[in-house]
Amino acid sequence: MPVEEFVAGWISGALGLVLGHPFDTVKVRLQTQTTYQGIIDCMVKTYRHESLLGFFKGMSFPIASIAVVNSVLFGVYSNTLLALTTTSHQERWAQPPSYTHVFIAGCTGGFVQAYCLAPFDLIKVRLQNQTEPRARPGSPPPRYRGPVHCAVSICREDGPWGLFRGAWALTLRDTPTLGIYFVTYEWLCRQSTPDRQNPGAATVLVAGGFAGIASWAVATPLDVIKSRMQMGGLKHRVYRGVLDCMVSSARQEGLGVFFRGLTINSARAFPVNAVTFLTYEYLLSSWG
Ligand SMILES: C[N+](C)(C)CCCC[C@H](N)C(=O)O
């Protein structure tokens, strides 16, 4: 099993993540809180209340963890493709796999990574939703002091399975949309590159960016549901399941609720995924 693909996935994920985290915080807040009028309002309030640091809440943890998850995604994707087509990464542009194979490998990668991502994503969302300013004397302390404290508190309150709250919604979100992610990337690269040649850096950046936007556009409705289920039991009610969360959110807030965070998700997705794919392709080709 080629290990470089996992390592390249890890490094490229970490770089993409730092770039995208401020967008991600605004997104999570817009999706789960009703105090903001829009992206700008949320940014201004976060800045005024919590300074620039507010945008980077909960980032140290994803850096270590979500980067590992990206490594699982790219590693499983690439190895599934290898099993389906028997062409290694080096030969993949010369002997392109079919889009069906790319889609199946992407869905497999998405499915496996969703379970690795679930506990980390839950902790990230809970920390991002703590809007209290940094410790000020006299103000009540936030519920969670940091990622480890958050994980321990969740285990204590809900048992270890509590860490997988929202995992099913996450799997539903990620399995098909990561298939779409890799198909879009492959398709755009092949469209703008002469037959059987490796795509150039600019092509990889643009194709990666649009692959991110396309997959997030489809993923956003389930992303909203996922975030809400993860917040269940805190400021939010506990939902009985994905369907219950969908129906009651739509009933209370209208169908528009499923598109909350779409603009910001797309704005974040372009740079994050452009950098992720460029780093990934670059590392793999420089390792031969
Ligand atoms: C499939 N879905 C769109 C949900 C996620 C795609 C993940 C890609 C990248 N790690 C990122 O954070 O943008």
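What you see below is based on every heavy atom in this structure, not just the backbone, and it leaves out hydrogens, waters and symmetry mates. Each ligand, and each atom within it, is numbered from 1 in the order the structure gives.
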For this session: Show which atoms of ligand 1 fall inside a sub-4.0 Å distance from at least one heavy-atom site of Thr177.
Result: 1 (C)

Exercise. What do we get for Asn273 next to ligand 1 when only non-hydrogen atoms under 4.0 Å count, side chain, backbone, both or neither?
Worked result: side chain

Exercise. Heavy-atom distance under 4.5 Å between the side chains of Gln113 and Val76, does that happen here?
Worked result: no

Exercise. Of the protein's non-hydrogen atoms, which lies at the shortest distance from atom 12 (O) of ligand 1, and what is that distance?
Worked result: Arg268 NH2, 2.8 Å

Problem set entry | Distance-only donor-acceptor check, side chains Tyr239 and Arg228, under 3.5 Å | no

Exercise. Which heavy atom of the protein is the closest neighbour of atom 6 (C) of ligand 1, given with residue, atom name and distance?
Worked result: Leu178 CD2, 3.8 Å

Exercise. Salt bridge (charged side-chain N to carboxylate O under 4.0 Å, His left out) with Asp24: which residues, sequence neighbours excluded?
Worked result: Lys27, Lys124, Arg268

For this session: Specify side chain, backbone, both or neither for Ser215, according to which of its non-hydrogen atoms lie closer than 4.0 Å to ligand 1.
Result: both

Seminar exercise, completed: In ligand 1, the atoms that come under 4.0 Å of a heavy atom of Ala219 are 3 (C), 4 (C)

Seminar exercise, completed: of all protein heavy atoms, closest to atom 4 (C) of ligand 1 is Asp174 OD1, 3.1 Å

Exercise. Got the closest protein heavy atom to atom 10 (N) of ligand 1, with its distance?
Worked result: Asn70 OD1, 3.9 Å

For this session: On the 0 to 90° scale, with breaks at 30° and 60°, tag the Tyr144-His149 ring pair as parallel, tilted or perpendicular.
Result: perpendicular

Exercise. Any nitrogen or oxygen of Trp216, main chain or side chain, under 3.5 Å from a nitrogen or oxygen of ligand 1?
Worked result: yes

Exercise. Is Glu157 paired with Arg143 through a side-chain N to carboxylate O contact shorter than 4.0 Å?
Worked result: yes

Exercise. Could you go step by step and tell me if Trp161 and Asp158 meet the side-chain contact (heavy atoms from CB on, under 4.5 Å) rule?
Worked result: CA-CA 7 Å; Trp161 286 114; Asp158 304 332; over 6 Å; no

Exercise. Can you name the salt bridge (charged side-chain N to carboxylate O under 4.0 Å, His left out) partners of Asp41, sequence neighbours left out?
Worked result: Lys45

